[in-house]
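Heads up, the thing below is written out as structure tokens.
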Amino acid sequence: MHSRPSQNRLLSLRSKIAALLLGMLSTMAAIYVAGRMWQDAEARVHLIQEIDKTNSQVHTAISVDDTLKIITCREQQKKLFAMETELAAARKEGFVRKSLVENEKADDSRKRVLAVVGIFTTFGRKKNREAIRMAWMPTGAAMKKVANEKGIVVRFVIGRSPNHGDSLDKQIDSESRQTNDFIVLDGQLEASEEASKKMKSFVTHAVESWDAEFYVKVNDDVFVNIDILGATLTTYLNKPRVYIGCMKSGEVFSEPTHKWYEPDWWKFGDAKSYPRHASGEIYAISRALAQFVSINRSILRTYAHDDVSAGSWFIGLDVEHINERKFCCSALIPGAICTAV
């Protein structure tokens, strides 16, 4: 009778011990899991810190690289600004390239003269050239004297035969060796339809060979008074961009059979009138304009007549057109520079 209660108490005690042990195990398991979770959390925090540190280093490296790029870009901008300033100054002075200025300083032969006069001639015109030499063009020692004392260089200008090296070219070469007063444009075809291109070639050659205040084009049937020409040009030395000549305009002829036919007649509007330009017998352009033609020769449009072409080149520029009556060779004007024959 007494053994049954004792067994019940024993079982109750065992159950309590088992529950206590189970609670302790549960607590220990919870503490263990919590510790592991805390370690994992610390590991994750450390990993995040390392990642942030690495990212910070990478960002710093990129920033330095970007900074170097910015510095380089700024240096390039400074150089570009300096070049633009230099170019603007060159344009203001007359579209001069820096290399040209340096060559001028290094070469005494490029001492600035007042004018380079190109007498446009062609094959079969030797008599005209001889008449000009006898009448007004200095020859031999006098040619050098006029260049040194008056600052005026005078040369005949001619291109090459379509059959390069033929008898026509040889005759000119022979005459040139005897007189030493030619500009022979080797790359320029000598033909009436090439007159405008010949003008560009002459200006380019003259600018590269002489540094002059003015560049003058004259036909080989015009007689010029060198002294009056020099005196007249001197009065315009204070004008940097001038186009001097006997200014005119005129009808544009669209008939192919007409002597003065203009293939591009339709470009001159319904009125068919040429813009104001200097007569082709003789005209002068200042140093700035000559350099402009030389630099831009490949894109300057040419028309059937060299005087019209020259006038068209300066329409869009800030150029002063000088209607100098002394350049009107056909008019009987006292003190005229030229006479057409």
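For clarity, every value in this text was computed on a predicted model and none was experimentally measured.
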Q: To the nearest 0.5 angstrom, please state how far the CG atom of Asp169 sits from the OG atom of Ser174.
A: 12.5 Å
Q: Could you tell me whether the side chains of Thr121 and Arg129 share a donor-acceptor contact shorter than 3.5 Å?
A: yes
Q.
Determine whether a donor-acceptor pair (N or O, by modelled atom type, separation under 3.5 Å) exists between the side chain of Ser201 and the backbone of Lys197.
A. yes
(Q) Minimum heavy-atom separation for Ile322 and Met247, please, with both atom names. (A) O-CE, 3.6 Å
Q) Does a donor on one side chain sit under 3.5 Å from an acceptor on the other, for Ser309 and Ser196? A) yes
Q. If you measure from the SG of Cys329 to the SG of Cys338, is it under 2.5 Å?
A. yes
Q) When rounded to the nearest 0.5 angstrom, what is the spacing between CZ in Phe214 and CG in Leu289? A) 10.0 Å
**Q.** Heavy-atom side-chain contact between Ile244 and Leu233 under 4.5 Å
**A.** yes
Q) Which of these passes side chain to side chain donor-acceptor pair (under 3.5 Å) with Asp211: Gln291, Arg287, Lys111? A) Arg287
Q: Calculate, to the nearest 0.5 Å, the distance between atoms OG1 and CZ belonging to Thr179 and Arg177 respectively.
A: 10.5 Å
Q. Do Val207 and Val113 sit in the same hydrophobic cluster, where Ile, Leu, Val, Met, Phe, Trp and Tyr count as joined when their side-chain heavy atoms come under 4.5 Å apart?
A. yes
(Q) If you define the side chain from C-beta out and look only at heavy atoms, does anything of Phe223 sit under 4.5 Å from Ile132? (A) yes
Q) Side-chain contact, heavy-atom cut-off 4.5 Å: Gln188 with Phe202? A) no
Q.
Between Glu190 (side chain only) and Gly159 (backbone N and O only), is there a donor and an acceptor less than 3.5 Å apart?
A. yes
Q. When rounded to the nearest 0.5 angstrom, what is the spacing between CD1 in Ile119 and CG in Asp181?
A. 8.0 Å
Q: Would you confirm whether Ser176, through its side chain, and Ile172, through its main-chain N or O, come within 3.5 Å as a donor-acceptor pair?
A: no
Q) Any Lys/Arg nitrogen of Lys127 or Asp220 sitting under 4.0 Å from an Asp/Glu carboxylate oxygen of the other? A) no
Q: Output all residues satisfying side chain to side chain donor-acceptor pair (under 3.5 Å) with Lys217, sequence neighbours left out; order by chain, then residue number.
A: Asn219, Asp306
Q. Quick one: are Ile158 and Phe123 in side-chain contact, heavy atoms under 4.5 Å?
A. yes
Q) If you take all heavy atoms of His205 and Ile183, which pair is closest and at what distance? A) CD2-CG2, 3.3 Å
Q) Does Lys200 reach the main-chain N or O of Leu300 with its side chain, forming a donor-acceptor pair under 3.5 Å? A) yes
Q) With side chains defined as the heavy atoms from C-beta onward, is the minimum distance between Ile285 and Phe314 less than 4.5 Å? A) yes
Q) So among Val116, Val117, Val293, which one has a side-chain contact (heavy atoms from CB on, under 4.5 Å) with Tyr215? A) Val116
Q. Salt bridge check: are Glu175 and Arg133 linked by an N-O gap of less than 4.0 Å?
A. yes
Q | Check: Tyr243 side chain, Ala278 main-chain N or O, donor-acceptor pair, under 3.5 Å | A | yes
Q. So, does Trp313 use its side chain to make a donor-acceptor pair with the main chain of Arg301 at under 3.5 Å?
A. yes
Q. So, does Ser294 use its side chain to make a donor-acceptor pair with the main chain of Ala290 at under 3.5 Å?
A. no
Pairs under 3.5 angstrom only: tabulate donor-acceptor contacts from the side chains of residues 143-157 to other protein residues two or more places apart or in another chain.
residue	atom	partner	partner atom	Å
Asn148	ND2	Lys144	O	3.3
Lys150	NZ	Asp227	OD1	2.5

Q: Measure the spacing between NE2 of His321 and CD1 of Ile315 and express it to the nearest 0.5 Å.
A: 7.0 Å
Q. Measuring from Ser192:OG to Lys198:NZ, what's the distance to the nearest 0.5 Å?
A. 10.5 Å
Q.
Using side-chain heavy atoms (C-beta onward) and a distance below 4.5 Å, is Asn128 in contact with Asp221?
A. yes
(Q) Pairing donors with acceptors under 3.5 angstrom, does anything connect the side chains of Tyr236 and Glu320? (A) no
Q) Is the closest side-chain heavy-atom distance between Phe327 and Leu229 below 4.5 Å? A) yes
Q: Using a 4.5 Å cut-off on heavy atoms from C-beta on, say whether the side chain of Arg241 contacts that of Leu317.
A: no
Q | Step-by-step side chain to side chain contact (heavy atoms under 4.5 Å, CB included) determination, His277 to Tyr283 | A | CA-CA 10 Å; His277 61 278; Tyr283 56 89; over 6 Å; no
